[in-house]
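Remember, predicted model here, so these are calculated numbers, not experimental data.
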Amino acid sequence: MSKQILLSWLGIADLKAAGLLPNNADEPIGDGPILGALKNLSFDELHLLHDQDPQKVTAYLAWLTQINTIKIVSVPCSLRSPIDFGDIHQAVDGYLQKMTREQPDLDISIHLSPGTPSMTAVSILLGKTKYNTRFVQSTK
C-alpha cells in the first residue's frame, strides 16, 4: 500500500486556530482547515508548505503535534507575495517533482482550503495536469 500524503499550505486561519494570530470574535475559525482535514481523513504524513515567520511555524507545529500524531514534514518556501503565481508555481511544482521522483508510488492529496486563492489555483492546475493527485477541501 502506498504512503498517503497530505500536501498543504499553512494558512492564516490555521495560525488563528492555534492562537498565534488575533481572531475576530465574529469569525468562527474552529480547528482551522489543516486540523479539520486531519480529524476527518486519514493520512500517513502532512507535508506543510509555508512562508510565514519561522517562530510562528514552529509554534504551530508544536500545537498541531499536541493534538495529532501525524508525521509532519516542514517545507519552507520563499514567496515574494502570497499571491505571486510564479513563486507559488515554483514552490509547489518543485516540491511535487521532488516527492514523485524520490517515491513515485506516493498517494498525494493536495489540501485546497488553506492559503490564498492563488495557491489554490496553482495547486489545482498542477494536480490535474502534471501530477496524479487528489484534492481535499475542509472549509467552504
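- Sequence neighbours left out, the pairs with a member in residues 48-82 that pass ring pair (Phe, Tyr, Trp, His ring centres under 6.0 Å) are Tyr60-Trp63.
- Shown here are the salt bridge (Lys or Arg N to Asp or Glu O under 4.0 Å) partners of Asp107, two or more places apart in sequence or in another chain: Arg134.
- Judged as a side chain to side chain donor-acceptor pair (under 3.5 Å), the pairs with a partner in residues 34-43 (not counting sequence neighbours) are, in order, Asp31-Lys39.
- For residues 109-120, the set of pairs meeting the salt bridge (Lys or Arg N to Asp or Glu O under 4.0 Å) definition, not counting sequence neighbours, is empty.
- The side chain to side chain donor-acceptor pair (under 3.5 Å) test applied to Asp51 returns no partner, not counting sequence neighbours.
- Remark: Lys128 pairs with no residue by the salt bridge (Lys or Arg N to Asp or Glu O under 4.0 Å) rule, at least two apart or across chains.
- A distance-only check finds a donor-acceptor pair linking the side chain of Ser113 to the backbone of Ser138 [under 3.5 Å].
- For Arg80, the salt bridge (Lys or Arg N to Asp or Glu O under 4.0 Å) partners two or more places apart in sequence, or in a different chain, are Asp84, Asp87.
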Quiz: residues 11-23 side-chain donor-acceptor pairs under 3.5 angstrom, not counting sequence neighbours:
{"from": "Asp14", "atom 1": "OD1", "to": "Ile34", "atom 2": "N", "distance (Å)": "2.9"}
{"from": "Asp14", "atom 1": "OD2", "to": "Gly11", "atom 2": "N", "distance (Å)": "3.2"}
{"from": "Lys16", "atom 1": "NZ", "to": "Glu27", "atom 2": "OE1", "distance (Å)": "3.2"}
{"from": "Asn23", "atom 1": "ND2", "to": "Glu27", "atom 2": "O", "distance (Å)": "3.3"}

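- Remark: Lys130 engages Asp93 in a side chain to side chain donor-acceptor pair (under 3.5 Å) (not counting sequence neighbours).
- With sequence neighbours left out, Lys71 forms a salt bridge (Lys or Arg N to Asp or Glu O under 4.0 Å) with Glu45.
- The hydrophobic cluster around Ile88 extends to Ile5, Leu7, Trp9, Leu49, Val73, Val75, Leu79, Phe85, Val92, Tyr95, Leu96, Met99, Leu106, Ile108, Ile110, Leu112, Met119, Val122, Ile124, Leu126, Tyr131, Phe135, counting ILVMFWY residues whose side-chain heavy atoms fall within less than 4.5 Å of a member.
- Applying the side-chain contact (heavy atoms from CB on, under 4.5 Å) criterion to Ile70, with sequence neighbours excluded, gives Leu38, Phe43, Leu46, Asn68, Ile72.
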